[in-house]
Protein chains: 2
Amino acid sequence: MTTANERVLTIGEVAEATGVTDHTLRYYEKAGLLVVPRLANGQRRYREMDVKAVEFIGHLRRTGMPIRTIREYADLVRSGKDTSAERMRLLEQHRENVVRDLAEQQKHLDGITLKIEWYRAAMDQRQDSGAQFVESLSSAALAQ
Amino acid sequence: MTTANERVLTIGEVAEATGVTDHTLRYYEKAGLLVVPRLANGQRRYREMDVKAVEFIGHLRRTGMPIRTIREYADLVRSGKDTSAERMRLLEQHRENVVRDLAEQQKHLDGITLKIEWYRAAMDQRQDSGAQFVESLSSAALAQ
DNA sequence: TTCCTTGCTAGAGCGCACTCTAAGTCAAGT
DNA sequence: ACTTGACTTAGAGTGCGCTCTAGCAAGGAA
């Protein structure tokens, strides 16, 4: 079922390929996110699936999933039992969180955009009608 | 120009109103994000504009602007000079960063959604055709 | 008066996710 | 034989943004 002569990568090659430092790769492994096979001398050799796992961990991390939750997911994957339902539930829960966060960030971004537009209006105004406007602008900038 | 009898709030009231703890409000002040007037006995009294500032800081923080950058902005606001152009530039720079981050997060979210759909397909498959599928599912879950 | 609440300061502590250091192993190249 | 470079470990250190503690002061209610 498994392909016998799979191409394997050193930790340095995986770091290069994924943009995750070798330090962090070891850290992920120690944290239980990965289990990577070793040579007799102890060196790690990453299979294609390990690299894919690192990439998927990237998706989870960069959407704000904490290491400990990724670990829970990884534990489910390795439990031997069929935990697909739980894993799916965990991912769906996370997706909901991310969608909510994105919406919230968008709202905060709108607040910032409004302020930028206010600045632009203020500066246009000043160009038309002299420096008078500047005073109220200064005090209002963090406040308004 | 300034309204004389403005309503002022204690730190506790501002904490209540903004959802930022009193500890954090003091921390923000120490970090140079706020300058809040005091009573003779040293207690803070927040004006309407201070509360607005806290809220705007919230927009910046929750879109990932570091404290030190918010401090730069606050310093510009308080510099006395007309720094509106710089302030606007700083905010626009931040907005660009946020827009880029949001797009990137969306991409990572898509990767997660794909995996969820893969699980759903796998589970549907299993329902149709027995447990055979489960094996490959387990090993592929972090990898695929 | 005594208690309770709310405030103050300086500074320590925390949780997170890395990030780096020290000291060593190993294999290949010159 | 020696150097180089990539790897190994355990564990310390870092940066960020809070978060909390200790010890004190002031004001109002019972």
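From a predicted model like this one, the values you see are computed outputs, not experimental measurements. Chain letters run A, B, ... following the sequence lines, proteins first and then strands; every chain starts at 1. Side-chain atoms are counted along with the backbone in the values below, which use heavy atoms only and exclude waters and symmetry mates.
We find that CZ of A:Arg68 is positioned 11 Å from P of C:dG15, with the value rounded to whole Å. The nearest whole Å value for the distance from the CG atom in A:Leu25 to the C1' atom in C:dC20 is 15 Å. Between the CG atom of A:Leu33 and the P atom of C:dC16 there is a distance of 14 Å, given to the nearest Å.
In the region residues 91-102 of chain B, proximity to DNA chain D at under 4.0 angstrom, judged on heavy atoms, holds for none of the residues.
Under the side chain to side chain donor-acceptor pair (under 3.5 Å) criterion, B:Thr18 pairs with no residue, sequence neighbours left out. Taking B:Gln106 as the reference, B:Asp110 meet the side chain to side chain donor-acceptor pair (under 3.5 Å) condition, with sequence neighbours excluded. Not counting sequence neighbours, the partners of A:His59 by the ring pair (Phe, Tyr, Trp, His ring centres under 6.0 Å) test are B:His108. With sequence neighbours excluded, the residues that form a salt bridge (charged side-chain N to carboxylate O under 4.0 Å, His left out) with B:Asp75 are B:Arg71, B:Arg78. A search for salt bridge (charged side-chain N to carboxylate O under 4.0 Å, His left out) contacts involving A:Arg68 returns nothing, not counting sequence neighbours. Among residues two or more places apart in sequence or in another chain, the side chain to side chain donor-acceptor pair (under 3.5 Å) test is passed with B:Glu86 by none. Under the salt bridge (charged side-chain N to carboxylate O under 4.0 Å, His left out) criterion, B:Arg47 pairs with B:Asp50, not counting sequence neighbours. Under the rule for a salt bridge (charged side-chain N to carboxylate O under 4.0 Å, His left out), the partners of A:Arg38 that lie at least two apart in sequence or sit in another chain are A:Glu29.
The salt bridge (Lys or Arg N to Asp or Glu O under 4.0 Å) analysis of residues 93-106 of chain A, with sequence neighbours excluded, yields the pairs A:Glu104-B:Arg62.
With respect to B:Arg45 and B:Glu6, no salt bridge is recorded, no charged nitrogen being found less than 4.0 Å from a carboxylate O.
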TODO: List the protein contact pattern of nucleotides 4-11 of chain C with one symbol per nucleotide (5' to 3'): B for base contact, S for sugar-phosphate-only contact, - for none; contact means a heavy-atom distance under 4.0 Å.
DONE: ---SSBBB

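Scanning DNA chain D 5' to 3' for nucleotides with an atom closer than 4.0 angstrom to a non-hydrogen atom of chain A gives a first and last hit of D:dC7 to D:dG11.
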